[in-house]
Peer 1: 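Once you've had a glance at the structure underneath, I'll fire off some questions.
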Amino acid sequence: MEGSPEPASPGVIREGDFAVLKRDEVFKAVAVARRRKIVFEKQWFCLDNAIGHIYGTTFEVTSGGTLQPKNRVQEAATETKEAGADNRNIVDDGKSQKLTHDDIKALKDKGIKGQEIVQQLIENSTTFRDKTEFAQHKYIKKKKKKYEAVITIVKPSTRILSTMYYGREPGKINYLRYDTLAQMLTWGNVRAGNKMIVMETCAGLVLGAIMERMGGYGSIIQMYPGGGPVRAATSCFGFPGSFFQTLYDFPLSKVDSLLSGTFSLKKLPLESEENTAVAEESNGSVDDKPVSVQEADTECSTEIVAEDSQPEEQEIMDIPTEGDAFEGSKAKGTTHDKQKKQEERQKKLIEAAGLLKEKNADGLIVASRFHPVPLLLSLLEFVAPSRPFVVYCQYKEPLVECYTKLREKGGVINLKLSETWLRNYQVLPDRSHPKLMMSGAGGYLLTGITVINESVKSGDCSGQTDEEPTSKKRKLQEQR
Amino acid sequence: MSFIDYRETIKEGDTAIVFLGHESMFPVKVQHGGKTQTKYGVIRHSTDLIGKRYGSKVTCSKGGWVYILHPTPELWTLNLPHRTQILYSTDISLITMMLELKPGSVVCESGTGSGSLSHAIIRTIAPTGHLYTVEFHQQRAEKAIEEFEEHKVGHLVTVKNQDVCKNGFGITHLADAVFLDIPSPWEAIGHAKSVLKREGGRICSFSPCIEQVQRTCLALEEHGFAECNTLEILLRVYNVRTISLPVPDLGKGIGGNARAESDKGSPSDQGASSAGLQQGNAQFKSGVPPREMVGHTGYLTFATKSLF
RNA sequence: AGCUCAGUGGAUAACUCCGUCUGUAGAGCCUGAGACUCUUAAUCUCAGGGUCCAGGGUUCAAGCCCCAGUUGGGA
């Protein structure tokens, strides 16, 4: 933006990139590919011509369905010569536009430029010059929006994608508004080098946001319900493969057994010759005594996996947005492939379990469609003391319940239930005012900090009720 | 029927509100032999409306039903034909109270617009007050007169077709309150001051933009108004819904036996069980805001003309 | 079954829909993934896909605004 027209490749749109189309305030995420039709805002076109241009370029869509870069030079300063003082003489009879529906359609069909059509509309309006200066301005703005529609291609980011999802598919992200997500990332102290636990059902948007803030440094364990994590939005970020090497996932359905020490791998393939640790686990679990994952072993295997690039491969499988190009190469998974894949999965699972078992995560972020109480009570077990956690919920009541339960249980302080309101403004000379107030529908947050739970350690229940209030009092004094 | 007095039964010439449910309703002028189509079928005025009590459930020709409601200024605000943007009841409520309107108040208003606020003012100041309303757009002024007559409140209101900034309200020292809803309110503050009673009164100006407010406040100060205060009011509506959140499956069934004995009193045991949540769904009622966001209407600037 | 007149309520996902409680970002179908057993497949679970038909006019410099047009629905 500093005027350096660098040919550096990072800023250039390339085939295979994940990009975002933007028109006014509407976004759509796409995979950049040649000869593929895209439908956006009821226009269809191909992105071929965009390849090689830098991100941020604005394009016009030709009638042939191609993109033409639009230079933003001449904003013909339409000097308003005449303007009325007020609207007392304007009568709404619907007859002030001399161009008919067919006339306008003909202009469009002839391929006349939007700018020219707008000029025609102004010239054929009998009321335009009687409108006030402000009304004229508003009229032009409205017509430009209709006839000079352009699209801009931008690089995906948390800002872009969270705005896009909230506007386009809010139900898929449980109405997590972008300002609320911003709060979560800050209060969660998300940064490079952390070891974060994430439990989200927001299409992978929250995971992606965390990965962006961690920049590939540190590790993330994603807890997921059902058969596997959902990462549709994560793939839209277009992260490099290295970002996925320290991304782990772990099924929610194994959390209780992990906590109780009965965790085992039931469906482990019989021949797991390489990883002795895995073999031991599977054997052990069959026997009487449940064997917990050994810390040393898992750390070892963690390093091994960090070197190969399996995670990346897995991500590509998650990517088939609307891609049909890769379909062909996707040979119907032979049983051998399938088995191999499963083995890899088991390996990663063991590693994730090991990471969790250390119970030293640097933070916990929850944003799901599930009731947060059981999630929070269990997952906080994996977090080190003196670390922040953030829980998002679309509704207030479950978080109130979380608050109550956590206060009863102890081990957390500084609990805060919050909601942010967001409003944007029109700022024009003599015409400034708020536009929309977005409140209530952006969800609620419960934030807090873990501490060493002494009442539990001592095993003395009676002491708990006495200690809580005093410690809270002290905290309050410190804050003032 | 009258906008300032409830009547029991529907009569010829009344303006009644046909209520279809949701936000869906519309006004109807009751006429002998008149017919009104709804999505539930036809309503025949002579047999279905005239003589019936307000609040009746009327069965339409298709078997569906509607309610017929007595008009109120609030229902009128939601059903009147728009000639301009209008003020809604949320803003109107604040204006009415902060202008200290009550039966007997004399009020000056400009512009009249579509008459949404006018109807509410008239209701409040009746039966002994009076509204002087000024509108510079001729067609709009005429339409307003017509509506007031139709709603049988013509005796409480005087409509003038003139420019309040140039010509004021046409009276002096009679008003308890002045309301301005015009693009350049600062140009009308002088007239507003002279139309208020000598002993004083209240003024309110409605403007969408903050720059208008700044100019208006300066003008109010120059003319000696006191208690200058600008407010904005937003309505937040909640829909009451039953929410059903799934309880996550943490695998409780598998390792359940061992966990019962967790010697350390590991709090994880309290997970689903102490939360009182069984596998399945947790249900509760909640107020959920509608998806539409609250839009800005305008700033309300109030001030007092006092003797001192 | 076709035509004319008047009034009423709808057009968003590739397609089809969405309730008289102030219930239109909610679904069905489709496609894909996982699970499962009853395996050219069934079932279950999850996921992917949304910015509101089009033109004009008008409100203050905030639309819960208006008109005619297209399409289909009901008297």
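Residue numbers begin at 1 in each chain, while the letters A, B, ... track the order of the sequences. Keep in mind it's a predicted model, so treat the numbers as computed, not measured.
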Peer 1: Of the non-hydrogen atoms in A/K141 and A/L428, which two are nearest, and what is the gap between them?
Peer 2: NZ-CD1, 4.3 Å

Peer 1: Grab the N/O contacts between the protein and nucleotides 61-65 of chain C below 3.5 Å, and write none if there aren't any.
Peer 2:
from  : atom 1 : to     : atom 2 : distance (Å)
C/A62 : OP1    : A/Q426 : OE1    : 3.4
C/A62 : OP1    : A/Q426 : NE2    : 2.9
C/A62 : OP1    : A/H433 : NE2    : 3.0
C/A62 : OP2    : A/K138 : NZ     : 2.6
C/A62 : O5'    : A/H433 : NE2    : 3.3
C/A62 : N9     : B/T297 : O      : 3.2
C/A62 : N7     : B/T297 : O      : 3.2
C/G63 : O4'    : B/Q85  : NE2    : 3.3
C/C64 : O2'    : B/Y88  : OH     : 3.2

Peer 1: A side-chain contact here means heavy atoms from C-beta on lying under 4.5 Å apart; do A/P225 and A/M199 qualify?
Peer 2: yes

Peer 1: Could you tell me how far C/A47 sits from C/C53 if I compare only their P atoms? Round to whole Å.
Peer 2: 28 Å

Peer 1: B/Q139 has an atom CD; how far is it from atom P of C/G57, in whole Å?
Peer 2: 19 Å

Peer 1: Atom CG of A/D86 to atom P of C/U58: distance rounded to whole Å?
Peer 2: 15 Å

Peer 1: Just by distance, no angles: are the side chains of A/T100 and A/D103 close enough, under 3.5 Å, to form a donor-acceptor pair?
Peer 2: yes

Peer 1: Would you list the pairs meeting salt bridge (charged side-chain N to carboxylate O under 4.0 Å, His left out) in which at least one residue belongs to residues 35-47 of chain B, sequence neighbours left out?
Peer 2: none

Peer 1: Would you indicate, yes or no, if C/U8 has its OP1 or OP2 atom less than 4.0 angstrom from a side-chain nitrogen or oxygen of B/K35?
Peer 2: no

Peer 1: How far, in whole Å, is C/C65 from C/U24 if one measures between their P atoms?
Peer 2: 16 Å

Peer 1: OP1 or OP2 of C/G56 versus the side-chain N and O atoms of A/Y147: is any pair under 4.0 Å?
Peer 2: yes

Peer 1: Between C/A35 and C/U51, how many Å separate the two C1' atoms, rounded to a whole number?
Peer 2: 35 Å

Peer 1: If I take atom CG in residue B/D249 and atom P in nucleotide C/C46, what distance separates them, rounded to the nearest angstrom?
Peer 2: 12 Å

Peer 1: At 4.0 Å (heavy atoms only), tell me whether B/V42 reaches a base, stays on the sugar-phosphate, or touches nothing.
Peer 2: nothing

Peer 1: Counting Watson-Crick and G-U wobble pairs only, both distances under 3.5 Å, name the nucleotide matched with C/A35, or none.
Peer 2: C/U43

Peer 1: Testing B/S116, B/P27, B/P73 one by one against B/L80 for a side-chain contact (heavy atoms from CB on, under 4.5 Å), which residue passes?
Peer 2: B/S116

Peer 1: Taking ring-ring contact (aromatic ring centres under 6.0 Å, His included) as the test, write out the residues that go with B/F206, two or more places apart.
Peer 2: none

Peer 1: Have a look at C/G63 and give me syn or anti from its glycosidic angle (syn if within 90° of zero).
Peer 2: syn

Peer 1: On the nucleotide C/A75, are OP1 or OP2 found under 4.0 Å from the side-chain N or O atoms that B/K62 carries?
Peer 2: yes

Peer 1: For the base of C/U20 and the side-chain ring of B/F19, does the geometry meet a stacking cutoff of under 5.5 Å between centres and under 30° between planes?
Peer 2: no

Peer 1: Whom does C/U24 pair with, Watson-Crick or G-U wobble, provided both distances fall under 3.5 Å?
Peer 2: none

Peer 1: Figure out the CD/C1' separation between A/Q136 and C/U58, and round it to whole Å.
Peer 2: 15 Å

Peer 1: Going by the salt bridge (charged side-chain N to carboxylate O under 4.0 Å, His left out) test, which pairs reach into residues 71-87 of chain B, not counting sequence neighbours?
Peer 2: B/E74-B/R123, B/R83-B/E147

Peer 1: Rounding to the closest angstrom, what is the interatomic distance between C/G19 and C/U12 at atom P?
Peer 2: 14 Å

Peer 1: At less than 4.0 Å, is any side-chain N or O atom of A/Y139 found next to OP1 or OP2 of C/G57? Yes or no.
Peer 2: yes

Peer 1: Pairing donors with acceptors under 3.5 angstrom, does anything connect the side chains of B/H45 and B/T36?
Peer 2: yes

Peer 1: Heavy atoms under 4.0 Å, any strand shown: does B/R140 hit a base, just sugar-phosphate, or nothing?
Peer 2: sugar-phosphate

Peer 1: With C1' as the reference atom in both, quote the distance from C/G48 to C/A13 in angstrom, rounded to an integer.
Peer 2: 11 Å

Peer 1: For C/G26, does either OP1 or OP2 sit under 4.0 Å from a side-chain N or O belonging to A/Y175?
Peer 2: yes

Peer 1: Test A/D249 against every option in A/K348, A/R231, A/R345 by the side-chain hydrogen bond (donor to acceptor under 3.5 Å, both in side chains) rule and name the one that passes.
Peer 2: A/R231

Peer 1: Please state how far atom CD in A/Q120 lies from atom P in C/G56, giving the value in whole angstrom units.
Peer 2: 13 Å

Peer 1: Look at all strands and tell whether B/L20 reaches a base, only sugar-phosphate, or nothing, counting heavy atoms closer than 4.0 Å.
Peer 2: base

Peer 1: On a whole-Å scale, what distance lies between the C1' atoms belonging to C/G74 and C/A41?
Peer 2: 43 Å

Peer 1: Answer yes or no: does a side-chain N or O of A/K95 lie under 4.0 Å from OP1 or OP2 of C/G57?
Peer 2: no

Peer 1: Tell me the partner of C/G48, counting only Watson-Crick (N1-N3 plus N6-O4 or O6-N4) or G-U wobble (N1-O2 and O6-N3) with both under 3.5 Å; none if nothing fits.
Peer 2: C/C30

Peer 1: What's A/K131 touching, base or sugar-phosphate or nothing? Going by heavy atoms closer than 4.0 Å.
Peer 2: sugar-phosphate

Peer 1: Just the table, please: protein N/O against nucleotides 50-52 of chain C N/O, every pair under 3.5 Å.
Peer 2:
from  : atom 1 : to     : atom 2 : distance (Å)
C/G50 : OP1    : A/R168 : NH1    : 2.2
C/G50 : OP2    : A/E169 : OE2    : 3.1
C/G50 : O5'    : A/E169 : OE2    : 3.4
C/G50 : O2'    : A/R168 : O      : 3.2
C/G50 : N7     : A/E169 : OE1    : 3.2

Peer 1: Between B/K39 (NZ) and C/U20 (P), how many Å, whole number?
Peer 2: 7 Å

Peer 1: Which residue pairs satisfy the side chain to side chain donor-acceptor pair (under 3.5 Å) criterion with at least one member in residues 206-219 of chain B, sequence neighbours excluded?
Peer 2: A/D430-B/R215, A/S432-B/E211

Peer 1: Residues in ring-ring contact (aromatic ring centres under 6.0 Å, His included) with A/F250, at least two apart?
Peer 2: A/F263

Peer 1: Over how many whole Å does the gap from A/E200 atom CD to C/C46 atom P extend?
Peer 2: 16 Å

Peer 1: Could you list the residues that satisfy side-chain hydrogen bond (donor to acceptor under 3.5 Å, both in side chains) with A/R423, not counting sequence neighbours?
Peer 2: B/E232

Peer 1: When rounded to the nearest Å, what value does the distance between C1' atoms of C/C67 and C/A1 take?
Peer 2: 33 Å

Peer 1: By nearest heavy atom, map A/I90 and B/F26 onto RNA chain C; which one lands nearer the 5' end?
Peer 2: B/F26

Peer 1: How many whole angstroms separate atom CD of A/Q43 from atom P of C/A14?
Peer 2: 15 Å

Peer 1: With sequence neighbours excluded, what pairs up with B/Q138 under the side-chain hydrogen bond (donor to acceptor under 3.5 Å, both in side chains) test?
Peer 2: B/E142

Peer 1: Categorize B/G64 for me: base, sugar-phosphate, or nothing, with a 4.0 angstrom heavy-atom threshold over every strand shown.
Peer 2: base

Peer 1: What's A/R369 touching, base or sugar-phosphate or nothing? Going by heavy atoms closer than 4.0 Å.
Peer 2: sugar-phosphate

Peer 1: Please figure out whether A/T127 or A/A233 has its closest RNA chain C nucleotide nearer the 5' end.
Peer 2: A/A233

Peer 1: Expressed as a whole number of Å, how far does the C1' atom of C/A11 sit from that of C/G69?
Peer 2: 14 Å

Peer 1: Using a 4.0 Å heavy-atom cut-off across all strands, classify A/Y166 as base, sugar-phosphate, or nothing.
Peer 2: nothing

Peer 1: What is the base-pairing partner of C/A14, counting Watson-Crick and G-U wobble geometry with both distances under 3.5 Å?
Peer 2: none

